[in-house]
There are 2 protein chains.
Amino acid sequence: MEKKTYTIYDIAEATNVSPATVSRVLNGNYPVSKKTKEKVMAKIQEYNFQPNSIARSLSKKETKMIGLILPDITNPFFSSFCMELEKYAQKKGYTIFLCNSMNNSEMESVYLKVLSERQVEGIIMMGGRINKSLTDTEEAAEVLEVMKKIPVLMVNGEMAGVDCYQVRSDERLGMKMIMEHLVERGHKNIGLLGGKQGITSTDIKVEGFKQLLLENGLVYYPEWHIYSGFSVESGQKAMDKLLENKELPSAIICMNDMVASGALVACNHQQIDPKKFALVGYDDSFVADILTPSLTSINHDYEKLGTVALDLIINAKNEQEALDVTKKVTIDPFLTKRNSTAR
Amino acid sequence: MEKKTYTIYDIAEATNVSPATVSRVLNGNYPVSKKTKEKVMAKIQEYNFQPNSIARSLSKKETKMIGLILPDITNPFFSSFCMELEKYAQKKGYTIFLCNSMNNSEMESVYLKVLSERQVEGIIMMGGRINKSLTDTEEAAEVLEVMKKIPVLMVNGEMAGVDCYQVRSDERLGMKMIMEHLVERGHKNIGLLGGKQGITSTDIKVEGFKQLLLENGLVYYPEWHIYSGFSVESGQKAMDKLLENKELPSAIICMNDMVASGALVACNHQQIDPKKFALVGYDDSFVADILTPSLTSINHDYEKLGTVALDLIINAKNEQEALDVTKKVTIDPFLTKRNSTAR
DNA sequence: TTGAAAGCGCTAACAC
DNA sequence: GTGTTAGCGCTTTCAA
């Protein structure tokens with residue numbers, strides 16, 4: 001079974017050329033006569049030779065690998081992004097190194113180190129430490145250390161004192177789209193469910209929510225605003241709590257589709273027709289389609305998020321000299337209307 | 001910004017030892033005097049030195065990377081497996097190289113090549129070409145070629161003529177658990193929705209379904225058995241079609257949770273109370289919890305699937321000599337009962 | 001316990 | 001156009 005694995009030397013020898021020439025036909029970056037080229041190609045075919053990209057990486061000091069650190073690939077938001085990122089990376093000749101931190105800061109640290117040792121050419125971070133409103137100094141220091149060697153990009157997050165590449169979907173705008181949609185549907189009493197204080201994405205939405213109520217001449221009722229988390233269960237709990245109120249809103253915005261799912265579960269448990277409320281989610285994951293009623297939600301435009309992120313990080317090297325580099329890009333989300341807010 | 005990145009030579013020089021010694025303290029595999037060890041460690045700290053694992057890989061001819069090729073990480077079945085695999089791999093000092101083939105055979109080929117060039121130490125395949133009942137010769141040949149160099153493991157799939165490592169959750173047993181559960185609940189009329197003929201996982205379940213009906217003295221009604229696919233929409237279509245029948249089953253088994261979701265959507269559209277049917281899904285993904293009613297489903301035991309798969313592939317190298325290696329392992333799934341089949 | 005040196009497979013000057 | 005050769009950064013005999 002110890003199959004001999006061929007090197008360019010084997011090919012060179014068998015073809016009576018030098019290893020350099022083999023390398024040249026392999027890379028096509030230097031002129032090689034048609035004749036020798038064909039000769040070499042033939043042997044490569046014959047031997048089914050595959051270049052060792054480890055050796056190439058060492059020699060060229062480039063790995064064509066991008067690291068992606070996220071909390072949990074099981075979450076549709078992250079997997080959707082991952083998918084789009086990889087799709088685009090593939091086109092660009094890059095390959096993605098996926099790291100699930102399991103929502104654990106220590107794991108993030110471990111992976112930061114692993115990726116650095118593996119010489120990835122860029123690191124994209126999502127969730128976890130970059131999504132806390134209050135930056136932890138230790139955690140920031142680690143990222144800064146890595147940034148000395150490798151460009152870092154954060155998706156929908158940031159850390160105080162860490163000046164890195166950023167791509168974010170405009171959650172303030174997303175909230176505005178939701179609000180306009182609801183107002184247009186005649187809603188005046190609107191509740192907000194889920195999320196956690198201190199998590200950036202939540203804080204942005206909450207702030208937008210309050211401000212937009214004001215702008216639309218509507219009132220913010222604290223009892224209709226319930227923090228709970230990001231999971232289905234948290235959504236269920238939040239909805240249960242909301243339903244304890246005597247006065248209820250006519251529309252409910254949820255921090256993500258999971259929370260909205262939980263809200264629906266709560267309604268069903270309590271034998272309350274969910275159509276009583278206009279319900280809106282966030283992330284526009286595939287669950288939005290399977291819920292009853294199907295869920296109106298905000299789409300982050302995953303494709304754009306992915307392509308922009310990759311472009312930024314790939315170009316980071318070249319851009320380092322340029323002074324006017326746009327390091328932070330904001331992507332417009334869009335609203336997908338479904339039955340949960342139909343008239 | 002062109003930050004000098006240190007090598008063991010820098011450390012060696014600064015410490016007045018040889019690079020070899022630095023390597024030894026880094027790896028801890030050879031005796032080093034306590035004194036020099038501490039000296040070296042200190043410098044490593046000071047310089048914040050990180051070994052280049054590309055160089056190490058080239059020298060040691062080991063990458064500690066395992067490739068994972070699957071159709072779509074967005075699908076909870078695959079992401080759940082991926083998560084468990086990575087969790088265990090991390091413990092074992094391995095790292096996962098994720099490849100989304102986007103359900104595209106050519107992409108599978110591309111990734112097979114990429115992983116091979118990148119010198120991964122094992123390749124785990126799921127879905128795609130290994131899940132067709134009729135093996136494509138070309139596709140098999142590619143896999144066989146790779147197997148000359150790298151051990152390959154297939155999860156819930158196989159290819160005719162390709163003798164590789166295999167881990168599968170026993171879908172025949174899963175079907176039996178479902179059937180027993182339904183029979184115990186008094187159901188005699190059972191339908192089967194979704195899947196595709198020619199896809200192994202479907203074929204196994206269908207065959208089991210028919211046989212188990214027989215064994216339980218029940219009748220197979222072709223009009224209650226509707227192929228459609230694996231998506232939510234396909235489930236909806238299948239259910240719509242099923243509902244055209246005059247006589248309806250009292251229980252419905254779906255090929256996966258997505259199809260079951262679609263079935264529920266169809267019921268809701270048609271204003272039919274889904275509680276009229278006992279509904280069972282497959283995969284036990286998180287959607288099972290958010291549906292109304294919550295969905296009874298078969299869990300593949302992702303953790304076991306992941307750990308067994310990794311162990312097999314990691315040990316492949318050593319085991320090559322042993323003649324009696326168990327190359328194929330079957331994992332027992334388990335039934336998670338929820339409201340959709342409650343009395 | 002430590003150092004010298006060869007080598008992992010490929011690339012890229014530099015010659016010719 | 002093509003060959004020679006010196007690395008890339010680390011590991012690992014072999015000697016000392």
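First the proteins, then the strands, lettered A, B, ... as listed; each starts at 1. Values below: every heavy atom of this structure, side chains too, minus hydrogens, waters and symmetry copies.
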Inter-residue atom distance E117(A).CD - T95(B).OG1, 0.5 Å rounding: 11.0 Å

Could you state the CD1-P distance from I8(B) to dG3(C), rounded to the nearest angstrom? 12 Å

Quick check on dT1(C): is either OP1 or OP2 less than 4.0 Å from any side-chain nitrogen or oxygen of S33(B)? no

What nucleotide among dT11(C), dT2(D), dT2(C) has an atom nearest to a side-chain atom of N27(A)? dT11(C)

More than 12 foreign heavy atoms under 6.0 Å from CD of E62(A): is that the case here? yes

Residues from residues 52-66 of chain B lying under 4.0 Å of DNA chain D - heavy atoms: N52(B), A55(B), R56(B), S59(B), K60(B)

Quickly work out the Q50(B) CD to dC10(D) P distance and round it to whole Å. 11 Å

Rounded to the nearest Å, what distance is computed from the OH atom of residue Y9(A) to the C1' atom of nucleotide dG3(D)? 11 Å

Give one of base, sugar-phosphate or nothing for Y6(B), where a contact means two heavy atoms less than 4.0 Å apart. nothing

Please write out each protein N/O paired with an N/O of nucleotides 13-16 of chain C under 3.5 Å, distance rounded to 0.1 Å.
| residue | atom | partner | partner atom | Å |
| --- | --- | --- | --- | --- |
| dA13(C) | N6 | R24(A) | NH2 | 3.2 |

When the ring centroid of H300(B) is compared with that of F77(B), is the distance short of 6.0 Å? yes

Answer yes or no: does atom CE of M41(B) have more than 12 heavy-atom neighbours from other residues, nucleotides or ligands under 6.0 Å? no

Interatomic distance where CD1 belongs to I11(A) and C1' belongs to dC10(C) [whole Å]: 13 Å

Interatomic distance, N29(A) CG vs dA12(C) P [rounded to whole Å]: 6 Å

Answer yes when E303(B) and K87(B) have at least one side-chain N-carboxylate O distance shorter than 4.0 Å, and no when they do not. no

Can you tell me if S18(A) touches the phosphate of dG3(D), counting only side-chain N or O atoms and a distance under 4.0 Å to OP1 or OP2? yes

For a quick check of understanding: with a heavy-atom distance under 4.0 Å over all strands, which category does V17(B) fall into, base, sugar-phosphate or nothing? sugar-phosphate

Any chance the rings of Y6(B) and Y47(B) have centres within less than 6.0 Å? yes

Name the nucleic acid region contacted by D10(A), choosing base, sugar-phosphate or nothing; use a 4.0 angstrom heavy-atom cut-off, strictly under. nothing

Going from CG on N156(B) to OG on S169(B), what distance comes out if it is rounded to the nearest 0.5 angstrom? 4.0 Å

Please name all residues satisfying side-chain hydrogen bond (donor to acceptor under 3.5 Å, both in side chains) with Y88(A), sequence neighbours left out, ordered by chain then number. D311(A)

Any luck finding a side-chain donor-acceptor pair between S105(B) and E139(B) under 3.5 Å? yes

If you only use heavy atoms from C-beta on, which nucleotide in dT11(D), dG3(D), dT2(C) is closest to the side chain of S23(B)? dT11(D)

